Amino acid sequence: MTMKNQELYQLLLRSFDEDLSPQEQQQLQKALKESAELRQKKRELEEVEALLRNADMTTTIPFFTGKVMTKIEDLHSTQALSLMDEFALSLSRIFPKVALSSLSLLLVLTAGLYLSEGNLSSNTLLGTSDISSELLVSDDDYLNDFNF
Amino acid sequence: MTDIIVNSDQHIIEQVKSGNINSYKHIVAKYEAQILATVTRMLGSSHEVEDIAQQVFINFYKSIARFRGDAAVSTYLTRIAINLSLNEIKRRKRKSWLSFFGKKEDGNYERQIADPSNNAEQQATKDLVERALERLEPELRSIVVLRLMEGYSTKETAEILNIPLGTVLSRLARGREKLKQIIVQLKDR
């Protein structure tokens, strides 16, 4: 194929998918009238296009929709499970930290209490060691107050 | 007409987004034939077609929360179908290399699904087109499939493949020419 023919063939190929300029269209029409070879190439390209258009490429898969939906439902339940797993995992990750912090706080408070009170008796722990005996009311006094 | 279809798809998608998974079956049923055809055109009649087509709908479902309806559902599905098919073609190439180095593959995956309802002439045309497409480089094949077989415009083809229009036009010209040569060769045999 000569250089000129090559250019015209490219123009022919472009004409299938692009809008050629009026000048290019005129050039192509003229070439098609004059060249039997180019007309033959045009016919071959049109035949290829028709062949592709008419090829029945349909594929039927039985129960396709049902199969897809089953997979999607599985995916959904897996996602829900993985969310629960993730929550449980994050809880198990955070628990040792919370437990350790609480224990440390308890130890610091106990140590502070021991340092300030000098012992760790039940009264000290309950915070009743500072209440004087005068403030304590016997059952009899309590009942007398209500004139029983 | 297109608006009605798009709106109806959009309505189904909103239902799916709000948790009604079962509504998604309407999308699958509506587009299964189209997607199966696209994947068959890309991969030939093989047993992978069903897996890939199923994966197209699963992938779309997974990304449905991000779907805003900027393009038609069919466009999104076609894009996923082409991408997954191109990945499958790469996987096949890798597999054939592995088999070259001694690892056996299951092979003969082409033309395993034959539709008995087709008559002999239709089947012959289908076989010829499948063989011709198979010989076309994947980047040319995807453009030929979208433009010449599925009827998308060159602009839509560029959008689906996410490549410039100029690239589509030049590849299309190359694809037409190469396909013509391949078909002539195959017919001469």
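Bear in mind the structure is a predicted one, so any value in this text is a computation, not a measurement. Chain A is the first sequence line, chain B the second, and so forth, proteins listed ahead of strands; every chain is numbered from 1.
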Between [X] and [Y], is any pair of side-chain heavy atoms under 4.5 Å apart?
X        : Y        : value
B/Leu36  : A/Thr60  : no
A/Leu13  : B/Glu177 : yes
A/Leu51  : B/Leu128 : yes
B/Lys180 : A/Glu47  : no
B/Leu148 : A/Arg53  : no
A/Leu75  : B/Lys62  : yes

### Query
If you measure from OG1 on A/Thr65 to CZ on B/Phe57, what distance do you get to the nearest 0.5 Å?
7.5 Å

### Query
B/Lys25, B/Met149, B/Arg176: which one forms the most heavy-atom pairs within less than 4.5 Å of chain A?
B/Arg176

### Task
Mind ranking B/Leu169, B/Leu172, B/Ile27 by heavy-atom pairs under 4.5 Å with chain A and telling me who comes out on top?
B/Leu169

### Query
Checking heavy atoms, do the side chain of A/Met69, its backbone, both or neither come under 4.5 Å from chain B?
side chain

Flag if over 12 foreign heavy atoms under 6.0 Å of [atom1], [X]:
X        : atom1 : result
B/Asp70  : CG    : yes
A/Gln25  : CD    : yes
A/Gln23  : CD    : no
A/Leu107 : CG    : yes

### Query
Between B/Leu186 and A/Met57, is there a shared hydrophobic cluster once you connect ILVMFWY residues whose side-chain heavy atoms come closer than 4.5 Å?
yes

### Query
Mind checking whether B/Tyr31 and B/Leu43 sit in one hydrophobic cluster, side chains of I, L, V, M, F, W, Y counted as touching below 4.5 Å?
yes

### Query
Counting a contact as any heavy-atom pair under 4.5 Å apart, which residues of residues 15-23 of chain B contact chain A?
B/Ile21, B/Asn22

### Query
Can A/Lys67 and B/Gln54 be counted as having a side-chain donor-acceptor contact under 3.5 angstrom?
no

[X] versus chain A, the contacting section by heavy-atom distance below 4.5 Å:
X        : result
B/Tyr61  : side chain
B/Thr154 : side chain
B/Ala29  : both
B/Ala53  : both

### Most contacts with chain B, counted as non-hydrogen pairs under 4.5 angstrom, among A/Leu12, A/Val48, A/Asn54, A/Leu52
A/Leu52

Donor-acceptor pairs are to be reported for all side-chain atoms of residues 139-147 of chain B against protein atoms at under 3.5 Å, with residues two or more places apart or in another chain.
residue: B/Arg141; atom: NE; partner: B/Leu133; partner atom: O; Å: 2.9
residue: B/Arg141; atom: NE; partner: B/Leu136; partner atom: O; Å: 3.4
residue: B/Arg141; atom: NH1; partner: B/Met42; partner atom: O; Å: 2.5
residue: B/Arg141; atom: NH2; partner: B/Glu134; partner atom: O; Å: 3.2
residue: B/Arg141; atom: NH2; partner: B/Leu136; partner atom: O; Å: 3.3
residue: B/Ser142; atom: OG; partner: B/Pro138; partner atom: O; Å: 3.3
residue: B/Ser142; atom: OG; partner: B/Glu139; partner atom: O; Å: 3.2
residue: B/Arg147; atom: NE; partner: A/Asp17; partner atom: OD1; Å: 3.1
residue: B/Arg147; atom: NH1; partner: B/Tyr152; partner atom: O; Å: 3.2

### Message
Testing the basics here: between B/Val129 and A/Ala55, what is the closest heavy-atom pair and its distance to 0.1 Å?
### Response
CG2-CB, 3.6 Å

